[in-house]
Amino acid sequence: MSSYTPSQIEPRWQAAWAEAETFTARRDPARPKYYVLEMFPYPSGRLHIGHVRNYTLGDVVARYKRATGHNVLHPMGWDAFGLPAENAAIATGTHPADHTYANIEEMKTQMRPLGWSLDWSREFATCDPDYYGQQQALFLDMLDAGLVYRKNAVVNWDPVEMTVLANEQVEDGKGWRSGAEVERRELTQWFFKISDHAEELLDGLDTLDNWPSKVKLMQANWIGRSRGLQFSFGLVDGPEGHDRIEVYTTRPDTLLGASFVGISPDHPLAKTLEAEDPAVAAFCAEVRRGGTSEEAIETAEKRGHDTGLRVRHPFDTSAELPVYIANFILMDYGTGAIFGCPAHDARDFEFAQKYDLPVIPTFLPDEDASTEFSQAYVPLKSEKVFYCKGFSGDDWQTGEAAIEAAIDFCEANGVGHAVTKYRLRDWGLSRQRYWGCPIPVVHCDACGVVPERKENLPIELPRDVTFDVPGNPLDRHATWRDCDCPACGQPARRETDTMDTFVDSSWYYARFTAPKADTPTVAEDADYWMNVDQYVGGIEHAILHLLYSRFFARAMKITGHLPESASEPFDALFTQGMVTHAIYTTNRPMDGRPVYHYPEEVELRDGKAFLKDTGTEVTVIPSAKMSKSKNNVVDPLKIVDTYGADTARWFVLSDSPPERDVEWTAAGAEAANRHLGRVYRLTDEITAAEGSGTGDDDLMREMHRTIRDVTAGLESFGFNAAIAKLYGFTNTLSKSQAGAEAKRTAARTLAQLMSPMTPHLAEEMWRMLGGDGMVVNASWPQADEAMLVDTQVTLPIQINGKRKAEIVVAADASKADVEALALEQDAVQRALDGGSPKKIIVVPGRIVNIVV
RNA sequence: GCGGUCGUGGCGGAAUUGGUAGACGCGCAGCGUUGAGGUCGCUGUUCUUUAACCGGAGUGGGGGUUCGAGUCCCCCCGACCGCACCA
């Protein structure tokens, strides 16, 4: 009797797959293709258990689709540009390229033992000049097509380091290294015109039937289509060049309740005043402190500065409204100016309280309701309310109707016009950093901004740079920076900004279809392999990465690099949850601050946790996000070393539905390992079994039910449910008294059904049971319908909706028979207590409910 | 602040989408094997009451719709994800 030794089994089958080039994808028009893609990793150098979950989920799909006759493309690459490599360079002096490529090698050696069915022949990193050179070609085509332009935009500026900071490098409005108060500063930057495609990107969501509806909803809210009124307030004695303020509102029905006008500190009028008035300048400078993130702006205390200017109300010419510069108004949205109606907007109300502005209701919950408000009254737009200052004759109407009436009235009276606006802003792609794809343009004194010639691509990053001085090394690299103008040949300067790493990840899925080509894509490969049939990744990418990728697919269609049919590049999307792990803490005696302990230092007894060394009781925080500083990171390599890859794979799939978070527990991993050992032993026993037994038919029926349920689970990402079925079937098989032949058939099927999850063990079982070839090439078992038919069903009997009994009846029993049998039950008789039922509901094949 | 999601035994979680709540696993308990323990096998395990049966309660809290609600609607509480320069 042999025992389960993954350390021998797993490398053997991995070598066999590699030898046969099983996972190398080739175009084959004879077979249906299937493209499975997981979001490619940032090469941090350490494989995380979250990666194990992500790539195992995709691998189950890839292996299952192989078994169902598909020609599967399942590639892997590296999202290799970005800040961490520069941070490492600053901290340790290692060059970003050396750091990154070393990490890639390290991660690859960590990934290989997991047995994912990846086509490594297509591997690339986004920092390979081959890749980013094609990205530069794509950029030039987009520039040519009018999809790229330059404008000013604000960045986080660290006045001590004299460097632009990323949002994550700003903590509480201060630079993370310098601790200096961050300022918002304007720079000229490159932008993609994603907002031109806002409508298509919004409408396209409707075609994505196999995307989670929450992701579609988040994207729709992000794009944020709104219909409203745009009009202007006339300025009374405004500064030269400013005779009116253009505002946009989605609530024109509240216009008669306006009590002030607010403009963004970046509004042209604010800038004019800033230049003239030191008080305005001081206020604007104050507001510009702190980070640029929307979160930072929105959560800051609402403040305003009265400019002293007044505007005339378009409908009430006797009223003049004060004009405030307010810190919560974004220049990027609408016109950068609003009118405030404190009665019907919570922010405006807060503002009005602070600056003692009137609160004028335009509608009320009731005709005689008080007009004195203690908070803003903001009902749903679909709710009917009483308009005391409305635009149409109808006093009682919904907000929706009132908005339309207000727009009609304003347009009829020559005040503004209806417009549709989008919240979506253009995508700023400039980064003032070294470790990214260089933007392939040249600045020439004579010719202006000149695109590089395609034959000069790739514009490679120079190797000889240092990070000892803050700022972008490309700015200081004279021999790289200085060049000849591609147009006139005179001395010129290269653009030293590089691209946002979101650009890299916005088209890698297309590049995988022809990763070595000397154009961004190749038509016949893209036509054959696109779209991605199943995309798998984290919910944290629900908005930006996925929206940018959808935009790029359209841009690549416009520039001729992808077919029209690939405009929505991901047919199906699955977003998986995190892998969490308990945190173990004790309090340090001297100051009570938490000390974090590794799981190995802790032992569990009587439902409590104690330190192994001292016996001190430990506080357990369950299900926390893994974090190095909390010492609760699980190292997948250790798990693979201890239990094998199949155990790690089985466990990350088993406990939790894939879209939810899963808590990693040592006990759970041991249980998974124990089960796989049991399956191995059972297979070994069955291999040696001989002769006939009893219950062959029952075993075969259960086998076909298992095929049906596991298949359904795999089709719907119900991997945990599929695994629960496999546990059940293993138990059935282990207890079965069936004959050797039936058991062997059942065990071979078990091997096949397990193969997407535990491919190495499945191969080993298949071999032991005398299966033909490798199980990876075997076609998926089919459930026999005839074996699935049940002749009898168990029906629960409810009294007033509470289950009290159950009956077993023929599957085709009549309602009357079921009713009669139900009434005979002791529990029913007790409940009726001599009386007769009020009502009996019989749902055939489901349930009987008796109302008494 | 805005947008989104989730909340079920001691624990991870299941529930054909409005029809037997707690599948499967962990843990725990008992029995068997081994005989030091562990492994392995079998049985039990929502809570409460009870010797047991019979009952009662029960899916974060409160209310509603329905013959019937974990599932649908409203309010509240808590946790998590995103917020445009982290990837």
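These numbers were taken from a predicted model, which means no experiment stands behind them. Reminder, nothing fancy here: chain letters follow the sequence lines and each chain counts from 1.
- Note: CG (L544(A)) to P (rA87(B)) measures 12 Å, nearest angstrom.
- Each of rA84(B), rU20(B), rG25(B) was ranked by its minimum atom distance to the side chain of Y727(A); first place goes to rG25(B).
- Atom-to-atom, CG of L682(A) to P of rC42(B) comes out at 11 Å; the value is rounded to the nearest Å.
- A salt bridge links R288(A) and D266(A); the closest N-O separation between the charged side-chain nitrogens and carboxylate oxygens is under 4.0 Å.
- A close approach under 4.0 Å does not occur between any side-chain nitrogen or oxygen of N731(A) and OP1 or OP2 of rC24(B).
- Checking rC24(B) for Watson-Crick or G-U wobble geometry (two distances, each under 3.5 Å) identifies rG12(B) as its partner.
- Distance from the side chain of A724(A) is smallest for rA23(B) among the nucleotides rG56(B), rA23(B), rC85(B).
- Nucleotide rA84(B) holds its C1' atom 9 Å from the CD1 atom of I543(A), rounded to whole Å.
- Closest approach to the R846(A) side chain among rC81(B), rG4(B), rU17(B) is made by rU17(B) (side chain taken as heavy atoms from C-beta onward).
- Counting only heavy atoms from C-beta on, N167(A) has its side chain closest to rC86(B) among rA23(B), rG68(B), rC86(B).
- For the OP1/OP2 pair of rA15(B) and a distance below 4.0 Å, the side-chain nitrogens and oxygens of K725(A) include no atom meeting the criterion.
- With C1' as the reference atom, rU71(B) and rA21(B) are 11 Å apart, rounded to whole Å.
- For N849(A), no side-chain nitrogen or oxygen approaches OP1 or OP2 of rU20(B) to under 4.0 Å.
- Taking every side-chain heavy atom of M218(A) into account, rG4(B) is the closest of rA14(B), rC40(B), rG4(B).
- Under 4.0 angstrom from either OP1 or OP2 of rC2(B) there lies no side-chain N or O belonging to R347(A).
- Using N1 to N3 plus N6-O4 or O6-N4 for Watson-Crick, or N1-O2 and O6-N3 for G-U wobble, each under 3.5 Å, rG41(B) pairs with rC31(B).
- In the set rG19(B), rA87(B), rU5(B), the nucleotide with an atom closest to the side chain of K214(A) is rU5(B).
- Atom name C1', nucleotides rU8(B) and rG22(B): the rounded distance is 8 Å, in whole Å.
- Taking atom CG of L653(A) as the reference point, atom C1' of rG12(B) lies 15 Å away to the nearest angstrom.
- Nearest to the side-chain atoms of I841(A) among the listed nucleotides rA14(B), rC85(B), rC67(B) stands rC67(B).
- Across rC42(B) and rG25(B), the matching P atoms stand 11 Å from one another, rounded to whole Å.
- For the pair N720(A) and rA14(B), the criterion of a side-chain N or O lying under 4.0 Å from OP1 or OP2 is met.
- Taking only side-chain nitrogens and oxygens, R431(A) comes nearer than 4.0 Å to OP1 or OP2 of rC85(B).
- Note on F328(A): nothing from the nucleic acid sits closer than 4.0 angstrom, heavy atoms only.
- Summarising the geometry, the separation between CD1 on I847(A) and C1' on rA21(B) is reported as 12 Å, rounded to the nearest angstrom.
- Nucleotides rG7(B) and rA14(B) are separated by 16 Å at their C1' atoms, to the nearest Å.
- The distance between atom CZ of R674(A) and atom C1' of rU39(B), rounded to the nearest whole Å, is 9 Å.
- When both distances must be under 3.5 Å, the Watson-Crick or G-U wobble mate of rC72(B) is rG64(B).
- Looking at heavy-atom distances under 4.0 Å, V215(A) makes no contact with the nucleic acid at all.
- H48(A) and H51(A) have perpendicular rings, their planes meeting at more than 60° on a 0 to 90° scale where under 30° would count as parallel.
- Not one side-chain nitrogen or oxygen of S654(A) sits closer than 4.0 Å to the OP1 or OP2 atom of rG25(B).
- Distance R660(A) CZ to rG7(B) P: 5 Å, rounded to the nearest Å.
- In this structure rC47(B) sits in a base pair with rG56(B), meeting the Watson-Crick or G-U test at under 3.5 Å.
- Between R433(A) and N800(A), the residue anchored nearer the 5' end of RNA chain B, judged by the nucleotide with its closest heavy atom, is N800(A).
- Applying the side chain to side chain contact (heavy atoms under 4.5 Å, CB included) criterion to N472(A), with sequence neighbours excluded, gives Y434(A), L474(A), D475(A), T496(A).
- With distances taken from any side-chain atom of A671(A) to the nucleotides rG3(B), rG25(B), rG82(B), the minimum falls on rG25(B).
- Counting non-hydrogen atoms of neighbouring residues, nucleotides and ligands closer than 6.0 angstrom, the CD atom of Q737(A) reaches no more than 12 such neighbours.
- When both distances must be under 3.5 Å, the Watson-Crick or G-U wobble mate of rG82(B) is rC2(B).
- Between the CG atom of L330(A) and the P atom of rG1(B) there is a distance of 17 Å, given to the nearest Å.
- Considering only the side chain of V843(A), rG19(B) comes nearest among rG82(B), rA23(B), rG19(B).
- Using a 4.0 Å cut-off, no side-chain N or O of K802(A) falls inside it from OP1 or OP2 of rA69(B).
- For the pair I797(A) and K802(A), the minimum side-chain heavy-atom distance is 4.5 Å or more.
- The E540(A) side chain lies nearest to rA87(B) when the options are rA87(B), rG1(B), rC85(B).
- Contact annotation: R803(A) side-chain N/O to rG68(B) OP1/OP2 distance is not under 4.0 Å.
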